[in-house]
Every structure is written in C-alpha cells, then in structure tokens.
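Sequence positions, counted from 1, serve as the residue numbers for this chain. All values reported here derive from a predicted model rather than from experimental measurement.
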Amino acid sequence: MLDKKIKLKDVIKYIRENNNEEESGYYIEYLLEESYVSKDWYEAILEKVLKYNPKRVVDIGCCLGIFAYLFANEGIEYIGIDENTGYNRFETDKIKFIID
C-alpha cells in the first residue's frame with residue numbers, strides 16, 4: 001500500500017497544472033461529472049476487479065489514466081498504455097505509463 005492515499009482531486013490538479021486542456025482536447029470535469037463515465041463508474045469497475053485480487057493491472061487505451069489512482073490506493077501496480085497525445089500523466093512508484 002502507499003503510505004499516503006492518492007486523492008482524485010490531486011490527480012486532477014496535477015493533470016491541469018501540467019497540461020493544456022485546450023490543446024489536449026480532454027476536459028476533466030466532463031470526463032468525471034458530465035459524461036457517462038463518472039467517478040461512480042470508475043469505482044464500480046474497481047470493485048469488480050478487486051474480486052480477483054490482482055497484483056498488477058494493465059489498462060490498454062488508458063487515456064488520462066484516471067483508473068491509476070484507484071488501483072494504486074489498493075496496493076495494485078498500474079500500467080497504462082496509450083498513444084502519445086502530448087499530455088503528462090500522474091506517475092508514482094505504483095503507477096507507470098507506456099506511451100507510444
């Protein structure tokens with residue numbers, strides 16, 4: 001487990017401070033509050049995956065990597081894979097990205 005839980009608001013703050021939302025085309029509020037993919041949706045997926053007790057999760061097509069913080073907080077190594085769209089993602093010792 002991480003010594004300190006990663007908070008979604010900290011991930012969003014990091015993404016905002018290190019990326020230009022206008023250029024990337026990703027709008028954080030829309031992704032988490034207005035789209036069909038809400039914070040509740042992310043947490044429901046996490047709950048289903050936890051039933052299998054994974055040590056590592058590989059997320060292909062990870063976009064901004066919002067799942068990363070959820071899995072890392074459960075002590076699960078997260079690897080996100082996506083194309084290079086020019087934005088920086090939040091990484092820790094449990095969160096890594098492979099970008100092409």
Side-chain angles (χ1 to χ4, degrees):
M1 279 281 194
L2 298 173
D3 292 336
K4 176 181 156 190
K5 294 277 187 173
I6 300 168
K7 304 259 190 266
L8 177 59
K9 67 179 181 173
D10 295 332
V11 173
I12 291 169
K13 180 180 175 187
Y14 175 87
I15 291 170
R16 280 206 174 113
E17 288 174 354
N18 292 282
N19 296 281
N20 181 336
E21 286 185 284
E22 294 291 326
E23 289 178 12
S24 70
Y26 286 98
Y27 298 92
I28 305 305
E29 286 89 5
Y30 175 77
L31 285 175
L32 295 176
E33 295 170 12
E34 297 177 25
S35 85
Y36 64 93
V37 180
S38 67
K39 184 175 182 287
D40 293 337
W41 181 84
Y42 281 103
E43 289 173 349
I45 297 295
L46 172 67
E47 186 178 315
K48 289 178 189 243
V49 172
L50 288 177
K51 291 178 183 177
Y52 296 97
N53 287 328
K55 293 186 182 350
R56 178 180 301 131
V57 170
V58 178
D59 183 2
I60 299 172
C62 65
C63 189
L64 294 172
I66 301 297
F67 273 121
Y69 89 97
L70 290 168
F71 289 111
N73 282 341
E74 296 296 328
I76 300 168
E77 181 183 356
Y78 174 92
I79 301 170
I81 301 172
D82 211 333
E83 65 184 357
N84 185 357
T85 55
Y87 50 84
N88 298 307
R89 293 164 176 90
F90 186 87
E91 289 194 348
T92 70
D93 61 330
K94 288 275 186 191
I95 301 171
K96 301 293 179 215
F97 292 95
I98 300 170
I99 306 303
D100 182 17

J.: Hey, can you tell me if Tyr78 and Phe71 have their rings parallel, tilted or perpendicular (30° and 60° cut-offs)?
T.: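 Because their plane-to-plane angle is under 30°, the rings of Tyr78 and Phe71 count as parallel.
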
J.: Listed by chain and number, what are the side chain to side chain contact (heavy atoms under 4.5 Å, CB included) partners of Ile45, not counting sequence neighbours?
T.: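 Counting only residues at least two positions away or on another chain, Ile45 forms a side chain to side chain contact (heavy atoms under 4.5 Å, CB included) with Trp41, Val49, Phe67.
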
J.: Please report the shortest heavy-atom distance between Ala68 and Ile95, naming the atom on each side.
T.: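 Heavy atoms only, the tightest pair is CB-CG2, 3.6 Å.
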
J.: Distance check, rounded to the nearest 0.5 Å: Glu74 atom CD versus Leu50 atom CG?
T.: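 Reported to 0.5 Å precision, the distance equals 5.0 Å.
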
J.: Hydrophobic clusters here meaning ILVMFWY residues chained together by side-chain heavy-atom distances under 4.5 Å, can you tell me if Ile99 and Val57 are in one?
T.: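 In one cluster with Ile99: Val57, yes.
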
J.: Distance check, rounded to the nearest 0.5 Å: Asn84 atom CG versus Phe97 atom CZ?
T.: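 Spacing of CG (Asn84) from CZ (Phe97) equals 13.0 Å.
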
J.: Using the test side chain to side chain donor-acceptor pair (under 3.5 Å), find all partners of Glu77 that sit at least two apart in sequence or belong to another chain.
T.: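 Arg56.
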
J.: Looking only at heavy atoms, what is the nearest atom pair of Ala72 and Lys94, with distance?
T.: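 Where Ala72 meets Lys94 most closely, the heavy atoms are CB-CB, 4.0 Å.
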
J.: Mind checking side chain to side chain contact (heavy atoms under 4.5 Å, CB included) for Ile98 and listing every partner two or more places apart, or none if nothing turns up?
T.: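 Counting only residues at least two positions away or on another chain, Ile98 forms a side chain to side chain contact (heavy atoms under 4.5 Å, CB included) with Ile79, Ile81.
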
J.: Please report the shortest heavy-atom distance between Cys62 and Arg89, naming the atom on each side.
T.: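 Scanning both residues, the minimum pair turns out to be SG-NE, 4.1 Å.
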
